[in-house]
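Data first, discussion second: the structure below is written as structure tokens.
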Amino acid sequence: MLAYIVRRCLYAVPILIGVNLITFALFFVVNTPEDMARMQLGAKRVTPDAIEKWKAERGYDRPLLWNGARAGAARLTDTIFFEKSVRLFAFDFGNADDGRSIGHEIRTRMWPSLALAIPSFLVGLAVYVSCALVLAFFRATYLDFWGVVLCVAMMSVSALFYIIGGQFLVSKLWGLVPISGYQPGPDAVKFLVLPVLIALVAGFGAEVRLFRTFFLEEMGKDYVRTARAKGLAETAVLFGHVLKNGAIPILTGVVAAIPKLFLGSLVAESFFGIPGLGSYTIDAIQAQDFAVVRSMVFLGSVLTILGYLLADLSYTLVDPRVRFE
Amino acid sequence: MPVVLPTDCAVWLLVAAAVAFALHVRRHEHLAAPWQRVARSASGMSALTVLAAFVLVGLLDSLHFRPQLEGRDRTGEAVYAVEVRSVLDQLVLPLKTRSERTYSAPLATHAYSKETAELPGGGMARDYPRLRYGGAHLADPHERDRDVALTVARGLLLAAAIMALGTWIGAAVVGRRHGASTAAAWRAIRRGETAFPWRAILLTKAALLAVALPAALLAANYHVLGTDKVGQDVLYLALKSIRTGLVIGTVTTLVMLPFAVLLGITAGYFKGWIDDLIQYLYTTINSIPAVLLIAAAVLMMQVYVDKHPELFPTTAQRADFRLLMLCAILGVTTWTGLARLLRGEALKLRELEYIQAAHAFGVRHARVITRHILPNVMHIVLITLVMDFSGLVLAEAVLSYVGVGVDPSMISFGTMINAARLEMAREPMVWWSLAAAFAFMFVLVLAANLFADAVRDAFDPRVRVGAAPALRAGGAG
């Protein structure tokens with residue numbers, strides 16, 4: 001088991017290096033720091049001095065890969081690649097364009113993101129699985145048919161409409177909760193109820209339909225027929241056999257998503273004014289703060305890889321047929 | 001003077017490919033069989049009817065030209081406008097040109113906000129001014145309701161007449177083909193007893209016409225869906241958005257296909273270090289959260305566009321380049337899923353007897369892949385393509401909101417929603433832009449989803465065996 005975990009972790013290293021190289025190429029090779037400076041300072045009427053100053057302030061005045069002006073190891077370390085990309089491995093994100101430490105921002109903004117993401121995730125999972133089970137239980141009836149029709153209709157609506165519609169209906173028309181904003185502590189609940197509800201509705205169609213097919217696939221199998229043949233009640237078959245086995249594909253998908261909860265939701269956070277990592281990223285994209293976007297790409301990749309690792313581990317834990325190889 | 005934008009090229013290339021594929025399928029019975037299953041699905045064919053209407057609008061909007069101006073220059077050459085128009089623009093030219101000053105509600109005769117106007121007898125008054133074009137033909141604005149009702153009735157009558165004629169011709173054709181009388185064919189259609197779901201298709205067409213014709217007649221004198229902040233007709237914006245959505249949904253797959261098919265099959269077929277390398281490549285790309293990767297790539301593309309203004313002389317060209325690049329970026333980030341599926345399938349196929357036999361005969365790898373592997377994975381490719389379409393249309397809206405979507409000057413569902421979402425806070429509320437974007441997008445995506453389900457049910461071998469009865473009974477499931 002331990003050997004398996006260690007090997008899987010080692011396997012993640014080349015992938016992280018690959019991610020790092022891709023982001024480096026994207027941010028520094030496709031366009032030079034000069035272009036970035038020019039764009040930040042305004043495309044025209046910018047003096048070369050201003051560009052040099054902008055670059056020096058942010059440490060972009062070094063050579064890309066090889067600093068011939070230095071001696072020894074500094075030839076490699078005093079470069080943009082080392083300073084901006086290799087340092088990410090130590091989670092040293094440097095400073096944003098406004099001079100604030102990205103690492104500090106991530107540590108403080110992580111909590112509002114989690115406060116929104118974890119309830120959405122847990123409530124969503126419970127509701128989706130129960131609804132999918134109900135549909136699977138009443139399969140091939142009108143309830144199932146119209147349930148699936150509802151799912152397809154719901155997944156054809158853009159998430160943006162759910163958010164705008166929810167804010168309009170619940171906050172503006174009924175005045176039940178504030179439209180947007182956030183406060184830490186127990187007061188956070190009244191700001192989070194609506195986003196959690198909307199996340200639930202927005203994911204409903206696709207997830208319930210997917211989970212329903214997992215359950216139906218299980219229901220067509222021989223062991224279920226055997227269970228029925230020996231006289232088990234339909235509910236016992238459903239909860240004792242189908243739910244457990246159908247939960248395996250659900251579980252692995254769910255586990256893979258857990259680490260990414262840190263990243264928060266880009267759209268929901270910015271609509272509801274929650275100061276999490278999602279709105280941080282969106283602000284950075286809109287302000288074209290490349291240092292922040294680069295850090296978030298790297299952080300997101302680390303969390304995704306962690307998710308895959310956890311998913312593989314959980315798979316081997318819940319399904320005894322899968323062996324560590 | 002015709003103008004061919006790069007995305008137009010891509011769109012017509014796709015159309016040509018689709019036609020060639022359709023002809024190829026027609027000539028081979030084993031390829032046509034699953035399509036015949038699609039053709040028997042009532043929901044699938046109804047969805048296809050709706051999609052066809054959208055595609056027609058999109059294609060008309062993909063033929064661009066620069067209109068000729070009056071007069072000639074000194075050398076006697078014709079002069080062309082700088083503005084690039086499409087055939088669709090030309091067809092709905094009144095919608096494009098008759099813009100108001102600012103917001104107006106659907107079918108309104110008066111503006112949305114009060115303005116100060118000079119009274120004829122001197123002095124000033126604040127009142128809702130009449131619109132420049134909306135209901136301008138009415139002498140008395142109070143006649144509007146009657147006029148609208150009459151126009152709608154005329155549109156519905158016209159729709160009914162067209163449907164009656166169409167149904168009669170359809171019944172005659174069906175009757176002739178089956179050697180039955182037209183009346184017998186009509187009875188079969190009415191009861192839904194035909195193998196090809198004529199009834200569902202005719203009902204869908206009737207619904208489309210019943211909405212489109214009255215709207216078209218009304219659009220001659222009113223702003224059917226109101227106007228937006230700068231007074232543009234919202235119906236025009238919604239029609240123009242269709243092309244953007246379709247381009248994103250289809251051209252992206254054009255970019256994605258070569259990567260996915262080539263790399264996926266190569267990895268599964270050759271195994272060994274090639275497999276390791278390709279697997280490493282797609283795992284790495286897959287590890288970067290898609291939105292962030294797209295955002296990073298689009299930001300970098302923006303820097304490039306800003307750096308080279310000389311490459312894009314007109315706004316239309318810049319917007320079109322950005323749209324094309326967005327498709328390319330989406331394609332490069334989404335090929336991994338299909339590649340993984342194809343790799344798995346190729347791994348399975350390469351061990352089968354007929355491939356072994358081909359090897360034993362000394363057939364070259366390239367030929368084995370194109371003759372034996374590729375045709376046997378096409379169903380996966382096809383299912384993935386139609387399933388991805390609706391997701392891409394939805395993604396465009398979110399990406400435009402994040403600020404990494406299409407060019408702000410390009411009309412799309414995303415830019416419409418973006419502009420409209422702040423208007424909800426106004427009093428009285430400006431809801432029509434959002435409602436129009438919602439309705440058009442919902443119908444498009446719903447039709448795409450239903451059609452994708454029909455295609456998947458017909459092509460996926462897993463659905464036909466095993467869980468088939470339960471899934472089939474679930475209708476759209």
Side-chain angles (χ1 to χ4, degrees), chain A residues 14-16 18-19 22-23 26-27 30-31 35-36 38-39 43 135 139-141 144-145 148-149 151-153 155-161 164-165 167-168 172 209 212-213 216-217 219-221 260 263 266-267 270-271 281-282 285-286 288 290 293-294 296-297 300-305 308, chain B residues 280-281 283-289 291-293 295-304 306-307 309 390 393-394 397-398 401-404 413-414 417-418 420-421 424-425 429 434 437-438 441-450 453 462 466-477:
Chain A
I15 294 177
L16 270 180
V19 169
I22 289 178
T23 46
L26 210 56
F27 281 93
V30 177
N31 294 290
D35 303 329
M36 283 193 256
R38 217 173 275 276
M39 187 150 167
L135 290 189
R139 67 195 170 281
T141 63
D144 181 36
F145 177 78
V148 173
V149 168
C151 285
V152 175
M155 61 193 266
S156 304
V157 177
S158 170
L160 296 176
F161 288 117
I164 297 172
Q167 276 185 333
F168 175 73
K172 199 176 164 209
R209 205 167 78 119
R212 172 182 165 277
T213 54
L216 283 184
E217 209 162 303
M219 279 184 168
K221 292 202 171 150
K260 277 210 265 185
L263 285 181
L266 286 181
V267 178
S270 77
F271 260 103
T281 314
I282 243 184
I285 290 172
Q286 275 158 4
Q288 309 199 314
F290 301 107
V293 177
R294 206 173 55 235
M296 295 309 292
V297 168
S301 313
V302 172
L303 293 172
T304 312
I305 293 169
Y308 289 153
Chain B
Y280 170 71
L281 190 66
T283 320
T284 308
I285 292 183
N286 222 11
S287 302
I288 308 176
V291 186
L292 291 176
L293 184 56
V298 171
L299 279 183
M300 288 304 125
M301 192 242 316
Q302 277 173 12
V303 176
Y304 179 84
D306 284 3
K307 200 171 75 174
S390 54
V393 176
L394 290 178
V398 172
Y401 170 74
V402 176
V404 293
F413 291 125
I417 298 171
N418 229 346
R421 78 193 158 85
M424 294 289 280
M429 194 174 60
L434 213 56
F438 171 79
M441 216 172 154
F442 177 68
V443 173
L444 174 62
V445 175
L446 184 65
N449 275 333
L450 290 175
D453 282 343
R462 267 190 323 175
L471 279 172
R472 272 293 156 72

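All figures in this text were calculated on a predicted structure; none of them were measured in a lab. Residue numbers start from 1 in every chain, and the chains themselves are labelled A, B, ... in the order their sequence lines are given, proteins ahead of strands.
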| query | Do you know which of B:Ala448, B:Ala296, B:Ala295 has the most heavy-atom pairs with chain A at a distance under 4.5 angstrom? | reply | B:Ala296
| request: Measure the shortest side-chain to side-chain distance between B:Leu293 and A:Leu26 over non-hydrogen atoms and say whether it is less than 4.5 angstrom. | output: yes
| Does any heavy atom of chain B fall under 4.5 Å from the side chain of A:Met219, the backbone, both, or neither of them? | neither
| note | Per-residue tally against chain B (heavy atom, under 4.5 Å) across A:Val297, A:Thr281, A:Leu16 peaks at A:Val297
| remark: If one checks every heavy atom of A:Phe27 against chain B at 4.5 Å, the contacting part turns out to be both
| request: Give, for atom CD1 of A:Ile285 and atom CG of B:Leu292, the distance between the pair rounded to the nearest 0.5 Å. | output: 6.5 Å
| task | Test side chain to side chain contact (heavy atoms under 4.5 Å, CB included) on A:Thr304 and B:Ile288 and set out the steps. | result | CA-CA 7 Å; A:Thr304 312; B:Ile288 308 176; over 6 Å; no
| message | Less than 4.5 Å to any heavy atom of chain B: does that hold for the side chain of A:Leu266, its backbone, both, or neither? | response | side chain
| task | In sequence, state the C-alpha distance, the side-chain angles, and the governing distance for A:Val157 and B:Leu446, and then conclude on side chain to side chain contact (heavy atoms under 4.5 Å, CB included). | result | CA-CA 8 Å; A:Val157 177; B:Leu446 184 65; over 6 Å; no
| task | Would you mind checking which part of B:Val398 comes under 4.5 Å of any heavy atom in chain A, side chain (CB onward), backbone (N, CA, C, O), both or neither? | result | both
| note | In terms of heavy-atom contacts, A:Gly18 and B:Thr284 come closest through C-CG2, 3.5 Å
| query | Centres of the A:Phe161 and B:Phe442 rings: under 6.0 Å? | reply | no
| query | In Å, rounded to the nearest 0.5 Å, how long is the span from OG of A:Ser301 to CD1 of B:Ile285? | reply | 11.5 Å
| query | Tell me, side chain or backbone of A:Ala153 under 4.5 Å from chain B's heavy atoms, or both, or neither? | reply | both
| said: Applying side chain to side chain contact (heavy atoms under 4.5 Å, CB included) to B:Val303 and A:Phe290, what does each step give before you reach the verdict? | reply: CA-CA 11 Å; B:Val303 176; A:Phe290 301 107; 3.9 Å; yes
| field | Any donor-acceptor N or O pair under 3.5 Å, side chains B:Thr283, A:Tyr308 | value | no
| said: As an exercise: rank B:Ser287, B:Ala397, B:Ala420, B:Gly403 by heavy-atom pairs under 4.5 Å with chain A and give me the winner. | reply: B:Ser287
| Which bit of B:Tyr304 comes within less than 4.5 Å of chain A, counting heavy atoms only: side chain, backbone, both or neither? | both
| request: Would you name the heavy atoms of A:Ser270 and B:Tyr401 that are closest together and state the gap between them? | output: OG-OH, 2.6 Å
| task | Please determine, among A:Lys260, A:Arg294, A:Gln286, the option with the most heavy-atom pairs under 4.5 Å with chain B. | result | A:Gln286
| message | What part of B:Val291 gets within 4.5 angstrom of chain A, counting heavy atoms only: side chain, backbone, both, or neither? | response | side chain
| request: With a 4.5 Å cut-off on heavy-atom pairs, point out which of A:Ile22, A:Val293, A:Ile164 contacts chain B the most. | output: A:Ile164
| request: Report yes if some heavy atom in the side chain of B:Ser390 is under 4.5 Å from a heavy atom in the side chain of A:Ser156; otherwise report no. | output: no
| query | Is it the backbone or the side chain of B:Leu444 that comes under 4.5 Å from a heavy atom of chain A, or both, or neither? | reply | neither
